[in-house]
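All heavy atoms count here, side chains included; hydrogens, waters and symmetry mates do not.
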Amino acid sequence: MDDSPADAPGLKQAELREAAHEGPHGSHADGHAGPIEAHDAADARHSEMDHAAMGHGTAGAGMDHSAMGHGTMDHSQMDHGAGGGHHDHHAMMVEDFKRRFWVCLGLTVPILALSPMLQMWAGVEWTFPGSVWVLTALASVVWAYGGWPFLIGAKAELSKGRPGMMTLVALAITVAFVYSVAVVLGLEGNLFFWETATLVDLMLVGHWVEMRSVMGASRALEELARLMPDEAHRLGPDGAVEDVPTAQLRPGDRILVKASEKVPADGVVVEGGSAVNQAALTGESVPVEKAMGDEVIAGSVNGTGVLTVEVIKTGADAYLNQVVTLVREAQASKSRTQDLANRAAFWLTIVAVTVGAATFLAWWLLSEGPLAFAIERAVTVMVIACPHALGLAIPLVVAVSTSISARNGLLVRDRAAFERARDLDVLVFDKTGTLTEGRFGVTDVLPADGVAEDDLLATAAAVERGSEHPIAAGVVRSADERKLAVPAATDFQAITGRGVRATVEGRAVEILSPGALADAGIAVPTALAAQADALGRQGTTVVYVVRDGALAGALGLADVVRPESKEAIDRLHELGLEAVMLTGDKREVAEHVARQLGIDRVIAEVLPDGKSAVIRELQAEGHVVAMTGDGVNDAPALATADVGMAAGAGTDVAVETADVVLVGSDPRAAVRVIALAQATTRKMVQNLWWAAGYNIVAIPLAAGVLAPWGVILSPAVGAVLMSLSTVVVAVNARSLTVDA
């Protein structure tokens, strides 16, 4: 997405999850505006894809997308413009691999049935006049059509001087195919068309599955952009309202923001008043009251009032676009190191080519043996080096790991980042929506003498049922959770500057803020006042319940701490990691939650750009840092962290852009990520050794180093050894377990 105003028409409006109820009533603007960080709203990772540089994922599936599949794609039909080109391109490549796989798989069945070597192993003879030519034709289609992405991928690798998996795959399928064609034409030897077909199938399905796993990557910035509305109500000099595209707004324009609409541009309120929900952008959980002279942020959601706003920032200068820029820069700064399998493929390619050529020359020139035998030795080397096992070494572990992670509340999106989790030593938590539930709840009930706790809470809930304010919702919800019988209330009224009132069971009941209570001259008993003051100092919002002019008690409300959070922090400490809370909420609120959970360090009152700076500071100290959050305002920090984890119950942006999504918002899942990453990495390394290590023994045998002692591997035996290594890799991958 281009940050310029001209691109703004591409910013399409989407439904924004609301962190709190809108529609505040008068008194709550004064008394209920307690500190609670709202869905600290989102993260963003996965940069715009550089297809020329991507080495997607881990072993066996490392790809150079700069070349693969492009030769068959109609670029004239692709939208490479802002907002969707890379994503559409990637989707087309996924479909291309999928189509090639199914076509080749269908052709592989008759190829296997007609292969003489497999018939010999199976003890059958399925031949007919011309069957060998049918077999050759089918194999030619598989090699040309299915192998095309790898052949042009190899060309791209070789042109850059970096032979890798594509080169090795292309070399293996081509050597086996050309050798088999030569056998059909009269060369003494065995047909290996089945080897070509099965290798092509395995490579295609591996790349198809891998590319699907990264499909969500390019959606990150698109999801951020959708927070912006398409149109704005611009006011003319005569007061007439004109609906215009957001892109046409300029500083100095005046716009009308109606109830429940999104603010289309950063600006200053010049008329009207309302509570604006900007939780998705700043982390403030309670809708913020806006009056004349107050600034509003593009992408925030207006409450029940109507605002006239003078635009001060648009395009690249707008707050939301600055967040997008921070995310893009953080993503682009990540190193694109090649994975273990790519390096293994590189060296295996060098070894296979070198040993294959040396074997051919040695047996043909030095030993003056027959040409057919020299070719057979070289082909056996190439077949032995054929990367079935190497191509599956990592994808198989990933498949098993993904299954385990799903059962443990994890959704792995970026495998490379997931593997980095094994090295973490600091886990940074967002507070609201991650460690807490992101909603108000009654934490303390302080009844006056002679008043029962349940009676006090039920009476307050009866009054608050008439309000839409988040604090009112918290009171009602807490009463419902206690299964209290809440009486009916009548004559509900919001009292500007004081609170709310209603008649409950024939008695006048008021819910007042501390300031309104003092103005009313109602005395608070010393003990109750001390308790309320202590709650206020730790960031808890306190409201008072007055019945028939007499104080009935007080309620303390705060963000509800998830019951799983304490266990998550304890388990994190058992793993030797440091727990850090990074939040936009007020310090006293954050420190109160941290004391309950045993958090090691608290960094509070931090805006989104400050959060990413904190992550960089931790990394500069030598830490490997993971960030866990659930909202848009966490985006830069999540993108900057070595591993970004998003709570699945958070915003769509978080789910689309995180390296790992914590399904269900259970903070314990963040700890499971680390344990699973460690076990997965160990299994991957084991498989790489099984996949490539057997070549250390098999390739010299295939080359004939023990021929003087009568030990010679035929291409058929080489194929069996190659297949056995694949079986070992598969079994080893299935043995992955983790105590998560």
Can you check whether Ala669's main-chain N or O pairs, donor with acceptor, with Glu564's side chain at less than 3.5 Å?
no
Let me confirm one number: the CG-CG distance from Leu582 to Asp430, rounded to the nearest 0.5 Å.
7.5 Å
Considering only heavy atoms from C-beta outward, does the side chain of Glu621 approach that of Val426 to under 4.5 Å?
no
Is it true that a side-chain atom of Arg100 and a backbone atom of Tyr145 form a donor plus acceptor pair closer than 3.5 Å?
yes
Please confirm whether the backbone N or O of Val580 pairs with a side-chain atom of Asp600, one donor and one acceptor, at under 3.5 Å?
no
After noting the C-alpha distance and the side-chain angles of Lys683 and Thr680, does the key distance pass the side chain to side chain contact (heavy atoms under 4.5 Å, CB included) rule?
CA-CA 5 Å; Lys683 193 62 64 176; Thr680 299; 5.8 Å; no
Result of checking Val103, Ile173, Leu105, Val200 against Val142 for side-chain contact (heavy atoms from CB on, under 4.5 Å):
Val200
Return yes if some donor-acceptor pair links the side-chain N/O of Thr681 with the main-chain N/O of Gln678 below 3.5 Å, else return no.
no
Can you measure from CZ (Arg668) to CG (Asp570) and round to the nearest 0.5 angstrom?
11.5 Å
Rounded to the nearest 0.5 angstrom, the CG-CH2 distance for Leu107 and Trp102 is 13.5 Å
How about Leu435 and Ile599: do any of their side-chain heavy atoms sit closer than 4.5 Å?
yes
Might you point out which heavy atoms bring Lys611 and Ala637 nearest each other, and give the distance in Å?
CB-CB, 3.8 Å
Check: Val560 and Thr436 side chains under 4.5 Å, non-hydrogen atoms
no
Considering all heavy atoms of both residues, which atom of Ile569 and which atom of Gly598 are nearest to each other, and what is their separation?
CG2-O, 3.7 Å
With a 4.0 Å cut-off, would you call Asp423 and Arg420 a salt bridge?
no
Output for pair (Met581 CE, Arg601 CZ), nearest 0.5 Å, gives 13.5 Å
Working to the nearest 0.5 angstrom, can you tell me the gap between Glu574 CD and Glu567 CD?
9.0 Å
If we ignore hydrogens and angles and just use 3.5 Å, is the side chain of Thr108 paired with the main-chain N or O of Thr198 as donor and acceptor?
no
Validation row: Met645, Pro667 side chains within 4.5 angstrom (heavy atoms):
no
What heavy-atom pair brings Phe150 and Ala170 nearest, and what distance separates the two atoms?
O-CB, 3.7 Å
Would you mind reporting whether Phe429 and Val593 have side-chain heavy atoms less than 4.5 Å apart?
no
Side chain to side chain contact (heavy atoms under 4.5 Å, CB included) between Leu577 and Val671: does it pass, once the steps are laid out?
CA-CA 10 Å; Leu577 275 77; Val671 184; over 6 Å; no
What's the shortest heavy-atom distance between Ala590 and Lys431, and which atoms?
CA-CD, 4.2 Å
Donor-acceptor pair, side chain of Ser159 and main chain of Ala156, under 3.5 angstrom:
yes
Mind listing the closest non-hydrogen atom pair of Phe101 and Asp201 along with its distance?
CD1-O, 3.6 Å
Show the nearest heavy-atom pair for residues Ser565 and Thr434, with the distance to one decimal.
OG-O, 4.2 Å
Say you draw a straight line from CG of Asp425 to CD of Glu578; how long is it, rounded to the nearest 0.5 Å?
8.0 Å
Hey, does Thr640 have a side-chain heavy atom less than 4.5 Å from the side chain of Gln619?
yes
Taking the side chain as C-beta and beyond, is there a heavy-atom pair between His623 and Asp642 under 4.5 Å?
no
